[in-house]
> 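Sharing a structure with you now.
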Amino acid sequence: MLQVQFIRQNKALVLERLALKNFRELGVVDEVLDLDDRRKKLTQEYDDTQARVKSSSKEIGKLMSQGSQEEAEKLKAEVATLKERLAPINEELNATEKLLLETIVKLPNLPAAIVPAGKTPEDNVEVRQGGAKPELYAGAVPHWDLVKKYNLIDFELGNKITGSGFPVYTNKGARLQRALQNYFLDFNTAAGYIEHQPPLLVNEDSAFGTGQLPDKEGQMYFATEDKYYLIPTSEVPLTNIYRDDIVKESDLPIKLTGYTPCFRREAGSYGKDVRGLNRLHQFDKVEIVQLVHPDKSFEILDEMVAHVEKLVASLGLHYRILRLCGGDMGFASAITYDFEVYSAAQQKWLEVSSVSNFESYQTNRMKIRYKDGNGKTQLVHSLNGSSLAFPRILACILENNQTAEGINLPEVLHSYAGFDKIA
RNA sequence: GGUGAGGUGCCUGAGUGGCCGAAAGGACCGGUUUGCUAAACCGGCGUACGGGUCAAACUGUACCGAGGGUUCGAAUCCCUCCCUCACCGCCA
């Protein structure tokens, strides 16, 4: 969430940036400031009164030990009066703080200066393309036909066991998943990311920390009995590792990577966009997360983009990198680059990675800080990116490398998969 | 799931109603000193939200798992919840 202090000092900028993100309820900004004023005033009042209660209480103790019962009783009566005043102040203060929090979390992060204006994906700016556009042979088909033909994925079986969007990977399809996992993780750890295997269910605090709560409950599966959320991405448990911590400045940057299944309800999605592997309720992803010094986050964002680009390129896929416009960015992000790979058989671009700088938006929620040279506590910046999400990568690998004789795997996967061709 | 014990600062650990934001030791930071890959000594060393200040200094309040209660006063007493550990049960 945004910092009140920052909003107070940069109100005009905040309003302008929020508008770029197509955030309409600009009145929320004033609400936040009013509530914060009120909070301060009540805090002052409460603290002053409480200070008097405390000093009187000490006095009472002294009087009693001196045997001055009468004096003590008089003071007790005074304290009782003060405490009567204290209760309603405290109640109002708590209510105000709660409302302030509920209000300020409605504000999305401010888009960075270089974020393009716009409302829809059409307004995203293409930064660059890479890889060769695949030429398919005449008999080429989409991946949902290929996986059937070669027995790689059974969607119907997933329907039977669970429901739609929960595919069963079989034979070389399953093995390929395992290959992707190992390849991606090795690629990330080679770049200094520390591998983690986090829980797949998280508590409410964690879901709040990365910005899934409030408001996005509907996107997550929820285990009601224990009040745990199934993670929509490993970003959630990975970033929350450092929740409420003050890390050493010298420990930055902290680089994490992890493989997990991801669970998304994706309520309301339908049609050709969700065909085959294009959109699933359960899918696999390797994530990279960094916690960094605030002065470095944009530099590191570029590094992370370059890192993911190398990975995508190594798979021989035709890709493009988009800088998302204000309207298409996530709620918590200050700037996001999307990676899309080209599916020749579907003749469309498929998003496979999203790399974002959240600046202090998440860390302010999670209270992830470091001490600067002056001993002052500062928020670190958080970033993350997919490196990579499996299903669409898999779809493109299958589709783009199909021949009349079978599917040729990208060379980097040969040793991981244990085979180089699906036939 | 059952029974028992317990949750105190970065760590260990003392503290059963006022003198406790909290002993002591360790770690860490700064300094002094000793001619040796280190020791000794001195000092510092929580967080949050206010006030104050150019910034500090300084200062108020809260926090000893969380929330509530008793009391003039709570780390200390009571209640609820959460968590940890041990043993038993069950089990990958």
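Quick note on labels: first sequence line is chain A, next is B, and so on, each numbered from 1. What you see below is based on every heavy atom in this structure, not just the backbone, and it leaves out hydrogens, waters and symmetry mates.
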> Would you please classify the geometry between the A:Y221 ring and the A:H281 ring as parallel, tilted or perpendicular, with 30° and 60° separating the classes?
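Perpendicular, since the angle between the ring planes exceeds 60°.
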> Counting the atoms with a prime plus P, OP1 and OP2 as sugar-phosphate, which does A:K376 contact under 4.0 Å by heavy atoms, base, sugar-phosphate, or nothing?
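Sugar-phosphate, backbone atoms only, no base.
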> Rounded to whole angstroms, how far apart are NZ on A:K248 and C1' on B:C29?
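My rounded result for the distance is 11 Å.
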> What does B:U76 pair with, Watson-Crick or G-U, if both distances are under 3.5 Å?
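Checking every strand shown, B:U76 finds no partner, since no pair has both distances under 3.5 Å.
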> A:D37 CG to B:G51 P: how many Å, rounded?
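In whole Å, B:G51 P and A:D37 CG are 10 Å from each other.
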> Quantified in whole Å, what is the C1' atom distance between nucleotide B:C81 and nucleotide B:A22?
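Here B:C81 and B:A22 have their C1' atoms 26 Å from each other.
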> Would you give a per-nucleotide map of nucleotides 58-63 of chain B, 5' to 3', where B means the base has a protein non-hydrogen atom under 4.0 Å away, S means only the sugar-phosphate does, and - means neither?
--BSS-
> Which parts of nucleotides 67-78 of chain B does protein reach within less than 4.0 Å, heavy atoms only, written one letter per nucleotide 5' to 3' as B for base, S for sugar-phosphate only and - for none?
-----BS-----
> Would A:R365 and A:F208 count as a cation-pi pair here, with the cationic atom under 6.0 angstrom from the ring centre and within 45° of the axis?
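Flagged: A:R365 positioned over aromatic ring of A:F208.
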> If I take atom NZ in residue A:K227 and atom P in nucleotide B:A66, what distance separates them, rounded to the nearest angstrom?
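The answer, rounded to whole Å, is 20 Å.
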> Go ahead and name the base partner of B:C10; Watson-Crick or wobble counts if both distances stay under 3.5 Å, otherwise write none.
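The base-pairing partner of B:C10, which may sit in any strand shown, is B:G26.
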> When you check the gap from the basic side-chain N to the acidic O, do A:K160 and A:E156 get nearer than 4.0 Å?
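Salt bridge: no.
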> Between B:G50 atom P and A:I89 atom CD1, what is the distance in whole Å?
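So the two atoms are 17 Å apart, to the nearest Å.
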> Provide the distance between the two C1' atoms, one in B:U8 and one in B:A23, to the nearest whole Å.
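Pairwise C1' distance, B:U8 against B:A23, rounds to 12 Å.
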> Provide the distance between the two C1' atoms, one in B:A66 and one in B:G50, to the nearest whole Å.
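Rounded to whole Å, the distance is 24 Å.
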> Is it true that A:Y361 and A:H381 have ring centroids separated by less than 6.0 Å?
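Judged by ring-centre distance (under 6.0 Å), A:Y361 and A:H381 do not meet the cut-off.
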> Work out how far the C1' atom of B:A92 is from that of B:G4, and round it to whole angstrom.
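Between the two C1' atoms, the distance is 27 Å.
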> Any strand counts, and the cut-off is 3.5 Å on both contacts for Watson-Crick or G-U wobble. Which nucleotide pairs with B:G46?
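Partner of B:G46: B:C63.
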> For A:N364 and A:M1, indicate whether the former's side chain and the latter's backbone hold a donor-acceptor pair under 3.5 Å.
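Side chain of A:N364 to backbone of A:M1, a donor-acceptor pair under 3.5 Å: yes, one is there.
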> If you only use heavy atoms from C-beta on, which nucleotide in B:A48, B:C83, B:G50 is closest to the side chain of A:Y228?
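Output: B:C83.
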> Considering only the C1' atoms, how many Å lie between B:G30 and B:G35, rounded to the nearest integer?
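Looking at atom C1' only, B:G30 and B:G35 are 23 Å apart.
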> Could you check whether A:K285 makes a cation-pi contact with A:F390, meaning its NZ or CZ is under 6.0 Å from the centre of the six-membered ring and within 45° of the ring axis?
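No, cation not above the ring by the 6.0 Å, 45° rule.
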> Applying salt bridge (charged side-chain N to carboxylate O under 4.0 Å, His left out), name anything that partners A:E59, two or more places apart in sequence or on another chain.
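So A:E59 forms no salt bridge (charged side-chain N to carboxylate O under 4.0 Å, His left out) with any residue.
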> In whole angstroms, how far is the P atom of B:C83 from the CG atom of A:D205?
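Atom-to-atom, A:D205 to B:C83, this comes out as 13 Å.
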> Taking atom P in both B:A75 and B:C63, what distance in whole Å separates the two?
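Between the two P atoms, the distance is 7 Å.
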> For B:G21, what is the paired nucleotide under Watson-Crick or G-U wobble rules, both distances under 3.5 Å?
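When the pairing criteria are applied, nothing turns out to pair with B:G21, so the answer is none.
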> Given that both distances must come in under 3.5 Å, which nucleotide forms a Watson-Crick or G-U wobble pair with B:C54?
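Check on B:C54: unpaired, no WC or wobble geometry under 3.5 Å.
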> How many whole angstroms separate atom CG of A:N90 from atom P of B:G50?
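To the nearest whole Å, that distance equals 16 Å.
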> Can you tell me, in whole Å, how much space there is between the C1' of B:C10 and that of B:U33?
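Comparing C1' positions in B:C10 and B:U33 gives a spacing of 29 Å.
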> Would you measure the distance from the C1' atom in B:C29 across to the matching atom in B:C45 and give it in whole Å?
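Each nucleotide's C1' atom is 7 Å from the other's.
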> For residues 82-116 of chain A, which residue pairs qualify under ring pair (Phe, Tyr, Trp, His ring centres under 6.0 Å), counting only residues two or more places apart or in two chains?
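Sorted result for residues 82-116 of chain A: empty, none.
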> What is the distance, rounded to the nearest whole Å, between atom CD of A:E97 and atom P of B:A48?
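Distance check: A:E97 CD to B:A48 P gives 15 Å.
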> Work out which heavy atom in A:V292 is nearest to a heavy atom in A:I300; give both atom names and the distance.
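Answer, listing the atom of A:V292 first, then A:I300: CG1-CD1, 3.4 Å.
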> Nearest whole angstrom, please: distance from the C1' of B:A66 to the CD of A:E204.
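About 14 Å, once rounded to whole Å.
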> Across all strands shown, which nucleotide pairs with B:U84 by Watson-Crick or G-U wobble geometry, both distances under 3.5 Å?
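Here B:U84 is engaged in a pair, and the nucleotide opposite it is B:A5.
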> List for me each residue that meets side-chain hydrogen bond (donor to acceptor under 3.5 Å, both in side chains) alongside A:D36, sequence neighbours excluded, and say none if there are none.
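A:D36: side-chain hydrogen bond (donor to acceptor under 3.5 Å, both in side chains) contacts with A:R8, A:R39.
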> Watson-Crick or G-U wobble partner for B:U70, using a 3.5 Å limit on both distances?
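Per the H-bond distance test, none.
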> Counting only Watson-Crick or G-U wobble pairs whose two distances fall under 3.5 Å, which nucleotide matches B:G35?
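B:G35 is unpaired by these criteria.
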> Please identify each residue that fulfils side-chain contact (heavy atoms from CB on, under 4.5 Å) with A:V127, with sequence neighbours left out.
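Residues passing side-chain contact (heavy atoms from CB on, under 4.5 Å) with A:V127: A:I321, A:R323, A:Y337.
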